[in-house]
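Convention: sequence-line order gives letters A, B, ...; per-chain numbering from 1.
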2 protein chains.
Amino acid sequence: MSHTSTSAPTSREAQKARTRRSLLDAGLRLLEHQSLSSLGLREVTRVVGVAPAAFYRHFRDMGDLGVALVEESLGSLHGVVQEILAGPDDEAARIERTVSTIARYVREHPTHIRFVVRERHGGVPAVRAAIGAELDRFAEEVATALAADEVSEGWSERDMRMLGELFVDHMVMTASAFLDAALGEGPDEASVARTARRRLQLISTGRRHWLEG
Amino acid sequence: MSHTSTSAPTSREAQKARTRRSLLDAGLRLLEHQSLSSLGLREVTRVVGVAPAAFYRHFRDMGDLGVALVEESLGSLHGVVQEILAGPDDEAARIERTVSTIARYVREHPTHIRFVVRERHGGVPAVRAAIGAELDRFAEEVATALAADEVSEGWSERDMRMLGELFVDHMVMTASAFLDAALGEGPDEASVARTARRRLQLISTGRRHWLEG
DNA sequence: GGCGGCGGAGAACACCTGTTTACTGAATGA
DNA sequence: TCATTCAGTAAACAGGTGTTCTCCGCCGCC
């Protein structure tokens with residue numbers, strides 16, 4: 001075995017990685033229409049075209065696969081958050097950037113988002129914890145990023161944290177609304193975007209006048 | 001059979017109602033630690049101490065039972081919403097009333113709230129739809145109630161609707177946070193209450209200065 | 001070039017699932 | 001009083017489930 005973790009993947013571990021990928025993809029696909037706790041191990045392996053026992057070569061159980069999905073769903077999102085918060089802190093521009101970025105991300109990764117929204121309060125504790133931890137990290141990132149704004153002068157650390165959480169929760173709700181729009185449930189995408197923008201405007205306005213009482 | 005629906009319950013239909021109640025209670029109890037889509041019909045009947053086939057005398061399937069749980073979970077909540085919004089529209093008082101009422105309601109009906117939060121984005125379409133429809137009704141009730149405030153003058157109907165949804169979403173998030181606090185996960189109840197109050201203050205502030213741009 | 005490691009196959013395990021069937025027996029209304 | 005209605009029973013049905021076992025065959029190292 002090549003015991004160096006950074007070496008070029010041999011054909012063997014490349015193959016292993018490929019089936020692992022297939023299991024994750026199949027799981028994600030099946031999770032589009034059901035929740036993790038009702039997803040069966042055999043169900044996944046059947047789609048991949050692999051023996052049930054092979055599953056254990058990659059994951060301890062379905063919860064383990066779920067946690068892996070959380071990491072790949074939210075890991076790539078840190079960059080997105082930075083992308084939103086960076087650049088000019090002009091209020092209108094940032095709001096526009098926020099909403100359009102979320103819309104694009106949901107369009108590009110609908111299954112991942114659906115999974116996160118569904119399992120955030122779902123029935124698998126390990127997955128719930130993983131999502132919660134990741135969202136907490138986001139909240140803190142947002143809080144420190146927004147603390148750099150002029151309007152954040154005089155804010156307590158605790159209030160900044162509150163603002164970060166509010167922002168993240170709003171992102172998740174907006175993403176969920178975009179998903180529903182894509183499925184034809186609820187208002188259409190343009191309407192969701194409009195509402196999301198106004199919400200952010202309301203929060204921004206509150207932020208500007210926060211210290212006045 | 002007494003064909004008048006409002007007559008006093010005969011012993012037969014009283015017994016039927018009692019069994020139905022037991023099924024709902026057992027389901028709710030089991031749903032504390034799992035999601036609806038993974039809850040089995042036999043699982044429920046076993047807890048109640050009744051034959052599996054008896055289930056069909058009361059519900060078509062588990063989704064049907066879920067919808068019934070939604071109605072009893074959120075039906076009684078309309079009064080609560082009115083209780084919050086009625087009374088003096090003094091900002092601080094209303095915020096305090098909002099948070100403490102949510103805290104009390106979660107303390108009194110933790111299982112119902114947990115169920116709603118979990119299944120709001122869960123894997124059973126019928127239940128999702130039922131919850132969504134009920135929350136929409138809340139949003140509209142809140143919107144019309146808040147429209148009576150002085151600060152709502154000059155607001156468009158659409159923005160009032162946006163505010164109502166924001167309020168309802170905040171209620172659900174706060175309730176969920178209180179639940180986690182009760183289970184020892186995340187911050188404690190006092191901290192959750194504090195954060196919730198500040199969030200409402202931020203929104204209130206934004207509301208007051210809305211028309212200024 | 002042979003050999004150990006290991007991803008995957010295949011079968012068997014014991015158990016659980018939703019649904020249908022024919023039935024029982026108590027409450028009911030005439 | 002007597003026939004009827006119907007909530008609940010018991011059993012059987014044809015699946016499906018997670019997990020474990022032994023085995024195979026290929027890749028990668030010495």
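- Atom CZ in B:Phe55 sits about 12 Å away from atom C1' in C:dT19, given to the nearest Å.
- Rounded to whole Å, atom C1' of C:dA26 lies 14 Å from atom CZ of B:Arg18.
- Rounded to whole angstrom, the span from the CZ atom of B:Arg21 across to the P atom of D:dG8 amounts to 14 Å.
- As rounded to whole Å, 11 Å separates atom C1' of C:dA27 from atom CD of B:Glu13.
- At least one side-chain heavy atom of A:Tyr56 sits less than 4.5 Å from a side-chain heavy atom of A:Leu41.
- The side-chain hydrogen bond (donor to acceptor under 3.5 Å, both in side chains) check on A:His112 picks up A:Glu72, with sequence neighbours excluded.
- Of the two residues contacting DNA chain D, namely A:Asp61 and B:Thr19, the nearest-nucleotide position lying further toward the 5' end is that of B:Thr19.
- The distance between atom OH of A:Tyr56 and atom P of C:dC6, rounded to the nearest whole Å, is 20 Å.
- In this structure, CD in A:Glu96 is found 5.0 Å from CZ in A:Arg197, a value given to the nearest 0.5 Å.
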Write down the protein N/O and nucleotide N/O pairs, taken from nucleotides 21-27 of chain D, whose separation is under 3.5 Å; answer none if there are no such pairs.
residue	atom	partner	partner atom	Å
D:dC26	O2	A:Arg12	NH1	3.3
D:dC27	O2	A:Arg12	NH1	3.3

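- Remark: B:Thr195 OG1 to B:Leu200 CG distance equals 11.0 Å, nearest 0.5 Å.
- Here side-chain hydrogen bond (donor to acceptor under 3.5 Å, both in side chains) pairs that include residues 139-149 of chain A, with residues two or more places apart or in two chains, are A:His78-A:Glu141, A:Gln82-A:Glu141, A:Arg94-A:Asp149, A:Glu140-A:Arg161, A:Asp149-A:Arg207.
- Considering NE2 of A:His121 and OG of A:Ser35, their distance stands at 14.0 Å, rounded to 0.5 Å.
- Applying a 4.0 Å cut-off to non-hydrogen atoms, the residues of residues 38-50 of chain B that approach DNA chain D are B:Arg42, B:Val50, listed by residue number.
- For A:His58, the side-chain hydrogen bond (donor to acceptor under 3.5 Å, both in side chains) criterion is met by A:Thr19, not counting sequence neighbours.
- Taken to the nearest 0.5 Å, the CG atom of B:Leu30 stands 11.0 Å off from the CG atom of B:Asp25.
- In terms of phosphate contacts, A:Gln15 brings a side-chain nitrogen or oxygen within less than 4.0 Å of OP1 or OP2 of C:dG8.
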Annotated structure of DNA chain C as dot-bracket, pair cut-off 3.5 Å, Watson-Crick or G-U only, | for inter-strand, is ||||||||||||.||||.||||||||||||

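- The shortest distance between side-chain heavy atoms of A:Val106 and A:Glu189 does not fall below 4.5 Å.
- Of the candidates D:dG8, C:dT19, C:dA9, C:dT19 carries the atom nearest the B:Pro52 side chain, counting heavy atoms from C-beta on.
- Note that the CZ atom of B:Phe55 and the CG atom of B:Leu23 stand 6.5 Å from one another [nearest 0.5 Å].
- If you measure from atom NZ of A:Lys16 to atom P of C:dG5, you get 15 Å, rounded to the nearest angstrom.
- Taking atom CZ of B:Phe59 as the reference point, atom P of D:dG8 lies 11 Å away to the nearest angstrom.
- The CG atom of B:Leu202 sits 6.5 Å away from the CD1 atom of A:Ile203 when rounded to the nearest 0.5 Å.
- The distance between atom CG of A:Leu65 and atom P of D:dG18, rounded to the nearest whole Å, is 12 Å.
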